[in-house]
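Read the structure below first, then the notes.
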Amino acid sequence: MRSDQRCRGIPNQCDFSRQLIARALDGQPTVDAISQVRAELESCLPCAQILDVEVRFKLAMSQACRESAPASLQIRITETFQRVVLDDLDVEDL
């Protein structure tokens with residue numbers, strides 16, 4: 001990893017960690033992909049916690065959503081989660 005391609009330790013401000021997390025969770029995540037991202041983020045606890053929140057959310061949604069919600073509800077849910085400030089969350093809150 002190049003020195004300019006690493007986590008900067010600033011939650012929600014680090015493009016590198018956001019890209020890693022998005023790539024790992026895109027589609028159907030694998031244990032290997034998540035483990036690789038965890039290893040990349042091991043030096044940054046805030047970003048590692050964001051990864052854990054995202055993984056738990058994706059897992060919960062995949063288990064809870066067996067039926068499709070109407071498109072309007074899906075949009076409202078997505079917009080709501082985009083407004084959630086992850087800085088205020090701790091993995092222990094889940």
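Note that these values count all heavy atoms, side chains included, but never hydrogens, waters or copies made by symmetry. Computed from a predicted model, the values in this text were never measured in an experiment.
- Here the options are Ile50, Asp52, Leu20, the test is side-chain contact (heavy atoms from CB on, under 4.5 Å), and the partner is Leu41; only Leu20 passes.
- Nearest heavy-atom pair across Leu51 and Ile34 is CD2-O, 4.2 Å.
- Heavy-atom minimum distance, Ser17 versus Cys47: OG-SG, 3.3 Å.
- Residues that satisfy the side-chain contact (heavy atoms from CB on, under 4.5 Å) test with Leu45, not counting sequence neighbours, are Gln49.
- Here the closest heavy-atom approach between residue Ile21 and residue Glu54 is recorded as CG2-CG, 4.1 Å.
- Closest approach of Asp26 and Lys58 over heavy atoms only: C-NZ, 4.5 Å.
- With sequence neighbours left out, Arg23 forms a side-chain hydrogen bond (donor to acceptor under 3.5 Å, both in side chains) with no residue at all.
- For the side-chain contact (heavy atoms from CB on, under 4.5 Å) test, residues two or more places apart in sequence or in another chain that qualify with Arg76 are Leu73.
- Under the rule for a side-chain contact (heavy atoms from CB on, under 4.5 Å), the partners of Leu59 that lie at least two apart in sequence or sit in another chain are Ser62, Gln63.
- Among residues two or more places apart in sequence or in another chain, the side-chain contact (heavy atoms from CB on, under 4.5 Å) test is passed with Thr30 by Asp32, Ala33.
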